Amino acid sequence: MHCIRSSILQHLRLRVPVRPVFLLERENVYISKMNFTTGHDGGQDQVLSKVIGLVKNEETADFKKDLLLHSLDRVEIVMAIEEEFSVEIPNEKAGNLTCCTDIASFHSL
Amino acid sequence: MVAKLQVISLCRSLLRAGRKYPDYNIREYTKRRALDGFHMNKNLTDPSKVKEVYAEGKAQLEVVERALKVYLAYPPKTKNIMELKVQ
């Protein structure tokens with residue numbers, strides 16, 4: 001459980017372009033590494049598929065309960081996603097994000 | 001009494017302010033230092049201590065914003081190698 005969290009955070013912090021790799025198999029939930037790339041390429045479909053690619057089987061992996069990420073980690077993730085996709089997520093909304101699909105909904109469709 | 005929401009909002013402000021720097025090194029440093037600072041103090045319970053570190057954080061935010069103005073006046077001429085796209 002803790003290795004998911006540390007792997008996610010480690011990958012966020014290094015921000016090296018890596019091919020998606022399966023991190024951990026846990027009750028049929030496959031979580032792949034965030035595929036960070038430098039530069040702002042791709043349209044909305046690619047953006048959405050990137051975010052959805054985060055959690056393969058289950059898109060509603062709750063940050064707090066399933067991935068054991070506390071609010072500071074959530075801040076980090078949201079900031080990383082903001083930077084990656086060049087979107088600004090306002091403060092009030094950021095508090096309500098609990099899973100990856102919430103974050104994906106911020107991209108202009 | 002400092003609320004959790006305020007702490008999170010301070011963290012975001014620090015990260016956002018740090019992002020604006022033209023210099024890659026400073027950007028990375030502010031991000032790293034902000035997150036480390038919050039992680040180190042995340043388990044504090046004593047309210048006066050919490051207030052103290054929160055005030056420290058707020059002061060640092062002011063420093064970051066002030067220094068940003070100076071750095072924006074003299075942006076680096078070449079791109080840092082770490083910012084180049086991997087071929």
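All chains are named by letter (A, B, ...) in the order of the sequence lines, taking the proteins before the strands, and each is independently numbered beginning at 1. Worth saying up front: this structure is predicted, and the values here are computed from it rather than measured.
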J.: Does B/Arg19, at its CZ atom, have more than 12 non-hydrogen atoms belonging to other residues, nucleotides or ligands within less than 6.0 Å?
T.: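 Atom CZ in B/Arg19 is packed in, count exceeds 12.
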
J.: Side-chain heavy atoms under 4.5 angstrom apart, residues restricted to Ile, Leu, Val, Met, Phe, Trp, Tyr: same cluster for B/Val70 and B/Leu72?
T.: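 Different clusters.
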
J.: Contact part of B/Leu15 toward chain A, heavy-atom cut-off under 4.5 Å: side chain, backbone, both or neither?
T.: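 Contact with chain A involves both backbone and side-chain atoms of B/Leu15.
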
J.: Please report the interatomic distance CD(A/Glu83) to NZ(B/Lys31), rounded to the nearest 0.5 Å.
T.: 5.0 Å

J.: Kindly indicate whether the side chain of A/Met79, heavy atoms from C-beta on, has any atom under 4.5 Å from the side chain of B/Arg16.
T.: yes

J.: Check this for me: B/Lys42, atom NZ, are more than 12 non-hydrogen atoms of other residues, nucleotides or ligands nearer than 6.0 Å?
T.: yes

J.: Do you reckon B/Val7 sits in the same ILVMFWY cluster as B/Met1, going by side-chain contacts under 4.5 Å, direct or chained?
T.: no

J.: Which heavy atom of B/His39 sits nearest a heavy atom of A/Leu72, and at what distance?
T.: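 Nearest pair, atom of B/His39 first, then A/Leu72: N-CD1, 4.0 Å.
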
J.: So do the side chains of A/Arg74 and B/Ile8 get within less than 4.5 Å of each other, counting heavy atoms only?
T.: no

J.: When clusters are formed by joining ILVMFWY residues with side-chain heavy atoms under 4.5 Å apart, either directly or through shared neighbours, do B/Leu35 and B/Val64 land in the same one?
T.: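 In one cluster with B/Leu35: B/Val64, no.
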
